[in-house]
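This report refers to the structure that appears directly beneath it.
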Amino acid sequence: MFKKFAALYALVRQDAHILWNALRHPDRPTWLRPAVALVALYLLSPVDLIPDVLPVIGIVDDLVLIPLLISWMVRCLPEALKRGPARQAHVVPRKG
């Protein structure tokens, strides 16, 4: 069970890192900033689909919904932004 949570955490962390780099990229899609802002607002907002007052279910919806939204936004990004600056192949022009 712990391995599943560790794998999920690693995946969400990687997707969040991709989103962070995409937000700072000049060629980002126009929808990206408002979408990330809405997800952050939902995460910080006291109004949820299922209120956090309920013992377990109130927190579980945030633990499921936020990673799903992050994953969906990463899948909608162009491939160039998914790779990130460190993973992009740099083409060096040949002389001659």
Side-chain angles (χ1 to χ4, degrees):
M1 178 101 168
F2 179 72
K3 288 182 182 182
K4 289 182 182 180
F5 282 124
L8 179 65
Y9 174 73
L11 182 64
V12 169
R13 191 172 155 207
Q14 179 184 4
D15 285 349
H17 183 69
I18 291 170
L19 275 181
W20 177 254
N21 286 335
L23 279 171
R24 297 178 8 204
H25 198 278
D27 294 334
R28 71 185 165 271
T30 55
W31 58 264
L32 186 60
R33 276 192 178 175
V36 170
L38 287 174
V39 169
L41 183 66
Y42 177 78
L43 184 63
L44 298 174
S45 171
V47 179
D48 283 338
L49 292 175
I50 301 173
D52 291 339
V53 176
L54 297 173
V56 176
I57 296 175
I59 296 173
V60 170
D61 78 321
D62 291 340
L63 293 176
V64 171
L65 190 61
I66 299 299
L68 284 175
L69 289 172
I70 290 173
S71 175
W72 176 73
M73 285 189 291
V74 168
R75 280 183 288 157
C76 291
L77 286 175
E79 284 298 321
L81 292 179
K82 288 181 193 178
R83 286 193 303 259
R87 297 182 192 140
Q88 289 179 356
H90 295 288
V91 178
V92 178
R94 290 184 170 184
K95 294 181 181 179

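Everything quoted here is computed from the prediction, not taken from an experiment.
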- Does L43 share a hydrophobic cluster with M73, counting links as ILVMFWY side-chain heavy atoms below 4.5 Å and allowing steps through other members?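 Result: yes, single cluster for both.
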Checking [X] now: which residues fulfil side chain to side chain contact (heavy atoms under 4.5 Å, CB included) with it, not counting sequence neighbours?
X   : value
L69 : V39, L65
P67 : V12
W72 : R75, C76
Y9  : R13

- Where I70 and D15 come nearest, the two heavy atoms and their spacing: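 Result for this residue pair: CG2-CB, 3.6 Å.
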- Distance in Å, K82 NZ paired with L77 CG, rounded so as to fall on 0.5 Å steps: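 The CG atom of L77 is 7.0 Å from NZ of K82, to the nearest 0.5 Å.
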Residues 26-36 side chain polar contacts: donor-acceptor under 3.5 Å, at least two apart:
{"unit_1": "R28", "atom_1": "NH1", "unit_2": "L23", "atom_2": "O", "d": "3.2"}
{"unit_1": "R28", "atom_1": "NH1", "unit_2": "H25", "atom_2": "O", "d": "2.9"}

